Amino acid sequence: MKWKTLQHNGILFPPAYEAHGIKIKIKGENVDLNLNQEEMAYQWAKKKDTPYAQDKVFQKNFTEDFAKTLPAKFKNISYQDIDFSHAYKIVDKEKDLREMMTKEEKKALALKRKELREKLVQKYGKAIMDGKEVDVANYMAEPPGIFIGRGDHPLRGRWKPRVTAKDVTLNLGKEAKVPEGNWGKIVHDNDSMWLAGWTDYLTEKRKYVWLADTAGLKQDRDKAKYEKAVKLSKEIEKIKERIVKDMKSKDPKISRIATVCYLIYRTAMRVGDEKDPDEADTVGATTLRKEHINITENTIEFDFLGKDSVRWQETVKAEGNDKQFQENLKKLIQNKKPKDEIFEDITSRHVNAYYSSIVSGLTAKVFRTYLATTMVKNYLKEHDNIKGKTPNEKLYHAKLANLEAAIMCNHKRTIPKTYEDALQKKRDTLKNIAKEQPWKKTMDALKKAEAMEAKTDAQKKNKAKKIKTLNEQIKKQKEKHSERAEKLQLQIDLSEKTKDYNLGTSLRNYIDPRIFKAWTNEVGVEWEKLYTAALQKKFLWVQNEKVLWSELAKN
DNA sequence: TACCGGACTTAGGAACTGCTCT
DNA sequence: AGAGCAGTTCCTAAGTCCGGTA
């Protein structure tokens, strides 16, 4: 049971589509559009300048769904048959109007948006769970639109229809007042955390409305996740021994399971669950195929598409226990074809059953938490001559630790289009800063003061005072100048190092926040400088933890 | 064991905000 | 003061894990 009482105001639906008077032609013939069809055309037009619009599968999928809504004679049209030029014109015009708006108009519009949002949050953004007010995360139903998957998703370009109240199930306490609306179903499932849910027409996946990270229930679970990783770290030697032993097992199935488990422990790879055929072809540890690995004399090379079709390229040097691992892999792929799964009949269930037989509650994903957290802890431990450094250097240092975790978890990002230009600009600015001498004027004043004639005691005193003040001023100016240069230099360095890595995901989901909490306390830098306002709220539970770096650093 | 589907966590990129530098 | 952009939040897709049923 997760709660006793639960009250909320249901969910909000996106506004109905407003007609723009879009006209289209199919094979040269004018075709009238109803509101739904026009909405589809409008959404397509909004995508026209993105790479999606050039994607053949995207075009074909959209055209098919669009054709389904049209008269029978258009059933078999192809993308090239449709003339969207009027829709494109309308979208361009809207964009122009937005850009032509004056500062004041933009500001007024932003303010209006903000006010509306605040009003809606008042009504839908709060729930009362067990007598306490808690924030709701996503209280709005997903708007209709063109499905954009990641990688080669077979459904990309298809139309995701509008969700209405009758599609939605609300989860409320028995005592709660049912919010007004034509809801599909009301349930009182106090074993669940969701407030509302519906099944997505297109993907046939269940969608949910959840509480925000700030809710007590969420905080407890987040802490429990990191506690699991702590438990794993305490038992890691035992686990490793068992896996290494079982990799040599005579029972081929046990050996296979142990080999996948070693892979996960060694690389922080995801376990790799079963997938639907109408999803992008991505893999994890248990679903790796022969074509994804290459074994050389003393390495194992991995190259495959993982979650979100992010490429995972890694070379594992086979040393120590890795030798057995390498041997097992070699044997496993021996008589297989490139498309064959390396671990054949092994699934995530086998892996998790095996792990939890060693440590209760242990599953594959805990390894990613454990490995990312350990990475950060060890990096900070090994680079501990930091206390005398500036706050900028300390934070830079923490971010390098964060980067280690991101690399471990393979949190890659596409390099931003403006990356090179932005970096060059920073380099140029740094060069200019080096040339600047903002203390020069003060220096001149100092020289003048020094040359000043002073006869009486009062004059001498006055002169000395002036010289002292100017010297102090110069010192301050120089400090400020060098700090500015230092800050920019560190920024440049970090942006080069994190070029294609995304630090946010590991910070949010994998690194035990108590590590950075203890470390920032230890070295005297603000914890808040590492975590955004939203993350500070997510990790509110950390505030009640007594964490000492000296204790954490012991193991 | 195979398969299905529900519940919950993790994920990258788009959209937006607000801060810094000129 | 205003532009430009870095940092942050939002969005929702895509995973993990597990219970249930045949």
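Here is how names work: the chains are called A, B, and so on, in the same order as the sequence lines, proteins then strands, and each is numbered from 1. Keep in mind that what you see is a predicted model, and the values were worked out from it rather than measured.
- A side-chain N or O of A/T199 and one of A/R206 form a donor-acceptor pair less than 3.5 Å apart.
- Looking at which nucleotide of DNA chain C each of A/A534 and A/E274 is closest to, the 5′-most match is held by A/A534.
- Going from atom CD of A/Q536 over to atom CD of A/E528 covers 5.0 Å, rounded to the nearest 0.5 Å.
- Rounded to whole Å, atom C1' of B/dC4 lies 12 Å from atom NZ of A/K205.
- Contact check, A/R270 against B/dA11: a side-chain N or O comes under 4.0 Å of OP1 or OP2.
- By the 4.0 Å N-to-carboxylate-O rule, A/D421 lies too far from A/K425 to be salt-bridged with it.
- Atom NE2 of A/H153 and atom C1' of C/dA13 are 8 Å apart (whole Å).
- For the pair A/D152 and A/D281, the minimum side-chain heavy-atom distance is 4.5 Å or more.
- Contact check on A/R413 versus A/D500 returns no salt bridge, with no Lys/Arg side-chain nitrogen under 4.0 Å from an Asp/Glu carboxylate oxygen.
- Computed from coordinates, the A/H350 NE2 to B/dC3 C1' distance equals 14 Å when rounded to whole Å.
- Considering only side-chain N and O atoms, A/R508 lies nowhere under 4.0 angstrom from the phosphate OP1 or OP2 of B/dT9.
- For A/K487, the NZ atom sits in a loose shell: 12 or fewer heavy atoms of surrounding residues, nucleotides or ligands are nearer than 6.0 Å.
- In terms of phosphate contacts, A/T363 brings a side-chain nitrogen or oxygen within less than 4.0 Å of OP1 or OP2 of C/dC17.
- Residue whose closest nucleotide on DNA chain B sits further toward the 5' end, between A/Y208 and A/N509: A/Y208.
- Taking five base pairs at each end of the helix from B/dT1-C/dA22 to B/dT22-C/dA1, the local helix axes there meet at an angle of 20°, rounded to 10°.
- At the phosphate of B/dG6, neither OP1 nor OP2 sits under 4.0 Å from any side-chain N or O atom of A/S192.
- Rounded to an integer number of Å, the gap from A/W194 CH2 to B/dG6 P is 10 Å.
- Among B/dT22, B/dC3, B/dA11, the nucleotide with an atom closest to any side-chain atom of A/H411 is B/dA11.
- Between A/T414 and A/K307, the residue anchored nearer the 5' end of DNA chain B, judged by the nucleotide with its closest heavy atom, is A/K307.
- For C/dG15, one of the phosphate oxygens OP1 or OP2 lies less than 4.0 angstrom from a side-chain nitrogen or oxygen of A/T282.
- Note: CD1 (A/I11) to P (C/dC11) measures 13 Å, nearest angstrom.
- Of all nucleotides listed (C/dT12, B/dC8, B/dT17), C/dT12 comes nearest to the side chain of A/P143.
- The distance from the CD atom of A/E486 to the OG1 atom of A/T390 is 3.5 Å, given to the nearest 0.5 Å.
- Using a 4.0 Å heavy-atom cutoff across all strands shown, A/N352 reaches sugar-phosphate atoms only and no base atom.
- Between the CG atom of A/D135 and the C1' atom of C/dT9 there is a distance of 14 Å, given to the nearest Å.
- In this structure, A/W312 atom CH2 and B/dA11 atom P are separated by 9 Å, rounded to whole Å.
- At the phosphate of C/dC5, OP1 or OP2 sits under 4.0 Å from a side-chain N or O atom of A/K425.
- For A/N502 and B/dG12, the shortest distance from a side-chain N or O to OP1 or OP2 is below 4.0 Å.
- In the region residues 209-228 of chain A, proximity to DNA chain C at under 4.0 angstrom, judged on heavy atoms, holds for none of the residues.
- The side chain of A/K365 contributes an N or O atom lying less than 4.0 Å from OP1 or OP2 of B/dT10.
- With the nearest nucleotide of DNA chain C identified for both A/N138 and A/L423, A/L423 has the one nearer the 5' end.
- Of the side-chain N and O atoms in A/R117, one or more sit less than 4.0 angstrom from OP1 or OP2 of B/dT17.
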Worked check of ring-ring contact (aromatic ring centres under 6.0 Å, His included) between A/F58 and A/W44: CA-CA 10 Å; A/F58 203 83; A/W44 178 262; 5.7 Å; yes
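- The distance from atom CG of A/L305 to atom P of C/dA13 is 20 Å, rounded to the nearest whole Å.
- Side-chain atoms of A/R150 lie closest to C/dA13 of the nucleotides B/dT10, C/dA13, B/dC8.
- The residue A/K253 sits close only to the backbone: its heavy atoms come under 4.0 Å of sugar-phosphate atoms, none of a base.
- If you check the side chains of A/R368 and A/Y510, you find a donor sitting under 3.5 Å from an acceptor.
- A/K412 comes within contact range of the sugar-phosphate backbone alone, with a heavy-atom separation under 4.0 Å but no base atom that close.
- Taking the side chain of A/R349 as heavy atoms from C-beta on, and the options B/dA7, B/dC4, B/dG12, the nearest nucleotide is B/dC4.
- Across all strands, A/G272 comes closer than 4.0 Å only to sugar-phosphate atoms, never to a base (heavy-atom distances).
- For A/K426 and B/dT20, the shortest distance from a side-chain N or O to OP1 or OP2 is not below 4.0 Å.
- The phosphate of C/dA13 has OP1 or OP2 within less than 4.0 Å of a side-chain N or O from A/K160.
- A/E227 has no carboxylate O lying under 4.0 Å from a charged side-chain N of A/K223, or vice versa, which leaves the two without a salt bridge.
- Nearest nucleotide to the A/A364 side chain, out of C/dA14, B/dA7, C/dC17: C/dC17.
- For B/dC21, the OP1/OP2 oxygens have no side-chain nitrogen or oxygen of A/T429 closer than 4.0 Å.
- Using a cutoff of 4.0 Å between basic side-chain nitrogens and carboxylate oxygens, A/K205 and A/E279 are scored as salt-bridged.
- Between A/D345 and A/R256, at least one side-chain nitrogen of the basic residue sits less than 4.0 Å from a carboxylate oxygen of the acidic one, meeting the salt-bridge criterion.
- The side chain of A/K2 places an N or O atom within less than 4.0 Å of a non-bridging phosphate oxygen (OP1 or OP2) of B/dC8.
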